[in-house]
Amino acid sequence: MAVTVKSQREIELMRESCKLLADVFQNMERAIHPGMSTMDINILGDKLIREHGCIPNFLHYNGYPASICVSVNDEVVHGIPRRDHILQEGDIVSLDAGLIYKGYHSDMARTFGVGEISEEAKLLIERTRQSFFDGIKMAKAGNHLYDISNAINASIKPYGYGIVRDLVGHGIGTSLHEDPQIPNFAQRRRGLKLQAGMTLAIEPMINLGRADVEWLDDDWTVVTEDGSISAHYENTILVTDGDPEILTLY
Ligand code: MF3
Ligand code: CO
């Protein structure tokens, strides 16, 4: 799948798609509390997406069975919501969701604390978020794709956290996953030249411990191999000639 550059009309549709998704996220965040199940979050998110007249793009994507990915503690991404998985005070929960509005996809993720969480967990979440912002400082027309990857890598390196390598960010538009792939770790090459009108989902996934991950028997849930907790921060952004526009911010 080729890298696409969006027209002004397409950019407007991407903006609207992402704005609606950010609203869904804000409402999911408010609902999080100890004692709820990961399925409760999925049910709420699915309902909010449909109330906006949109379609959850994760549902049935390559057979994924839910609308929202809900990944708790050592689950990195793609956690499958379950009625018997109850959130506890002190957990961290990563929500990843997307929707389709008039044919245009949006995608975002955040990690939230459930009640009071450890200092260590707070720092991991904050530094993962910061690495996204350090990365997108490089996301402007004329720069190269891997300037973003290298900046995320440099942002995380001082802390010794594990940067997940098995999953990457991606282009997004009329498909959830378009080219290019966007690694969150240092690259030797420069990658493609960025152009105004590219829309990208940039999504560092950072482990408190080592970078290695494995897949559970459900074939979806990605967990850290060493059992350490993991954080995720993702926005859909628009490359411009100046500063990038974060389309999914709230
Ligand atoms: N949000 C994921 C991504 O950023 C995609 C999840 S696909 C699903 O690429 F099937 F797991 F939902
Ligand atoms: Co994504």
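When a residue number appears, it is its place in the shown sequence, counting from 1.
- Side-chain N/O atoms of E178 and T4 include a donor and acceptor closer than 3.5 Å.
- In this structure, Y101 and C18 have side chains that are not in contact, with every pair of non-hydrogen atoms separated by 4.5 Å or more.
- More than 12 heavy atoms of other residues, nucleotides or ligands shown are found within 6.0 angstrom of CD on Q26.
- Classification of the F132-Y233 ring pair by plane angle, with boundaries at 30° and 60°, yields tilted.
- With rounding to the nearest 0.5 angstrom, the CE atom of M108 is 12.0 Å from the CD atom of E203.
- Side-chain polar atoms of S17 and S106 form a donor-acceptor pair below 3.5 angstrom.
- Inter-residue side-chain proximity for Q88 and V114 is flagged as unmet; no heavy-atom pair is nearer than 4.5 Å.
- Between H170 and H177, the ring planes lie perpendicular to each other; the angle is over 60°, past the 30° to 60° tilted range.
- Looking only at atom types and distance, the side chain of D74 has no donor-acceptor partner in the side chain of T224 under 3.5 Å away.
- A salt bridge does not link K102 with E10: every distance from a Lys NZ or Arg NE/NH1/NH2 to an Asp or Glu carboxylate oxygen is 4.0 Å or more.
- Sequence neighbours left out, the pairs with a member in residues 77-93 that pass salt bridge (charged side-chain N to carboxylate O under 4.0 Å, His left out) are R82-D84.
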Under the side chain to side chain donor-acceptor pair (under 3.5 Å) criterion, do N235 and T248 qualify, and how do the steps go?
CA-CA 6 Å; N235 285 306; T248 42; 2.8 Å; yes
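- No more than 12 heavy atoms of other residues, nucleotides or ligands lie within 6.0 Å of NE2 in H60, so this atom counts as exposed by the packing criterion.
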